[in-house]
Student: 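Dropping a structure here in structure tokens format, bear with me for questions.
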Amino acid sequence: MKRLKLEVFVKEQSALDRICRVLAAIPEGRVVTYGDLAEMAGYPRAARLAGQTLRKLPRGTKLPWHRVINAQGRISLPEPGASRQRKRLEHEGITLLKGRVDMSKYRWRP
DNA sequence: TGTTTGACGCTCC
DNA sequence: AGGAGCGCCAAAC
């Protein structure tokens with residue numbers, strides 16, 4: 001908890017909290033970029049923070065971490081994670097041509 | 001308190 | 001199309 005000047009108390013939220021909440025809202029069969037994820041979580045221009053945060057997720061998480069790819073439509077996660085991600089994406093009907101997702105088709109923007 | 005670190009992104013060329 | 005260079009920014013040291 002952090003006390004602000006206006007005598008108001010606000011619950012402090014970590015980037016992990018905020019990013020996880022946005023992450024959970026991404027619909028099946030759609031993707032977002034790291035930049036999108038960060039921005040939607042309230043951290044504009046902090047794309048790297050999104051990646052740094054996803055990296056901390058436990059292996060067994062139910063959150064759709066695999067729906068986050070880079071702005072070029074490519075998987076950024078190094079192997080062996082990349083294979084797991086590609087498999088999960090294809091399982092949701094997201095096709096990768098030449099290792100790339102068609103962003104004009106699958107990118108989710110509320 | 002200052003530096004380093006990336007599952008990044010954008011602009012050249 | 002694809003790579004080099006540089007900017008970005010909260011976390012982790």
Student: Could you state the CG-P distance from A/Leu16 to C/dA11, rounded to the nearest angstrom?
Tutor: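 It works out to 10 Å between those atoms.
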Student: Could you tell me which non-hydrogen atom of A/Trp65 sits nearest to which non-hydrogen atom of A/Leu57, and how far apart they are?
Tutor: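 In terms of heavy atoms, the two residues are closest at CB-CD1, 3.9 Å.
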Student: Let me know the distance between CZ of A/Arg45 and P of B/dC8, rounded to the nearest Å.
Tutor: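 Checked: the CZ to P distance equals 18 Å.
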Student: Testing the basics here: between A/Ala38 and A/Ala46, what is the closest heavy-atom pair and its distance to 0.1 Å?
Tutor: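 The answer is CB-O, 3.3 Å.
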Student: How many Å lie between CG on A/Asp17 and C1' on C/dA10, as a whole number?
Tutor: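 That distance rounds to 14 Å.
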Student: Figure out the CD/P separation between A/Glu79 and B/dA7, and round it to whole Å.
Tutor: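 Result: 14 Å.
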Student: Locate the shortest heavy-atom distance separating A/Gln85 from A/His66; write the atom from each residue and the value.
Tutor: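 In terms of heavy atoms, the two residues are closest at NE2-O, 3.0 Å.
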Student: Between A/Leu37 (CG) and C/dA10 (P), how many Å, whole number?
Tutor: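 Taking atom P of C/dA10 as the reference, CG of A/Leu37 is at 15 Å.
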Student: Rounded to the nearest angstrom, tell me the gap between atom CZ in A/Arg88 and atom C1' in B/dA7.
Tutor: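 From A/Arg88 CZ to B/dA7 C1': 15 Å.
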Student: Got a donor-acceptor contact below 3.5 angstrom from the A/Glu39 side chain to the A/Pro44 backbone?
Tutor: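 Not confirmed, A/Glu39 side chain does not pair with A/Pro44 backbone.
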Student: Expressed in angstrom and rounded to an integer, what is the separation of A/Arg74 atom CZ from C/dG3 atom C1'?
Tutor: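 Going from A/Arg74 (CZ) to C/dG3 (C1'), I get 12 Å.
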Student: Would you say that A/Met40 contacts A/Pro110 through its side chain, given a criterion of any heavy-atom pair below 4.5 Å between the two side chains?
Tutor: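 The answer is yes, as the side chains (C-beta and beyond) meet within the 4.5 Å cut-off.
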Student: If you compare all heavy atoms of A/Met103 against all heavy atoms of A/Thr33, which two are closest, and at what distance to 0.1 Å?
Tutor: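 Heavy atoms of A/Met103 and A/Thr33 come nearest at CE-CG2, 3.6 Å.
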Student: What pair of heavy atoms forms the shortest contact from A/Ile26 to A/Arg67, and how long is it?
Tutor: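 Result for this residue pair: O-NH1, 2.8 Å.
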Student: Show the distances under 3.5 angstrom between N or O atoms of the protein and N or O atoms of nucleotides 9-13 of chain B.
Tutor:
{"residue": "B/dG9", "atom": "OP1", "partner": "A/Tyr34", "partner atom": "N", "Å": "3.4"}
{"residue": "B/dG9", "atom": "OP1", "partner": "A/Gly35", "partner atom": "N", "Å": "3.0"}
{"residue": "B/dG9", "atom": "OP2", "partner": "A/Ala71", "partner atom": "N", "Å": "2.7"}

Student: Figure out the CD/P separation between A/Glu39 and C/dA10, and round it to whole Å.
Tutor: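 Roughly 14 Å, once rounded to whole Å.
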Student: Look only at the side chain of A/Arg107 and the backbone of A/Val32, and say whether a donor-acceptor pair between them is shorter than 3.5 Å.
Tutor: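 No; judged by distance alone, with no hydrogens or angles, the pair does not exist.
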Student: Run A/Asp102 and A/Thr95 through side-chain contact (heavy atoms from CB on, under 4.5 Å) and show every step you take.
Tutor: CA-CA 8 Å; A/Asp102 184 347; A/Thr95 329; over 6 Å; no
Student: Identify, residue by residue, the members of residues 51-65 of chain A with a heavy atom below 4.0 Å from DNA chain C, and return them in order of residue number, or none.
Tutor: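 Within this stretch, A/Gln52, A/Lys56 sit under 4.0 Å of the strand.
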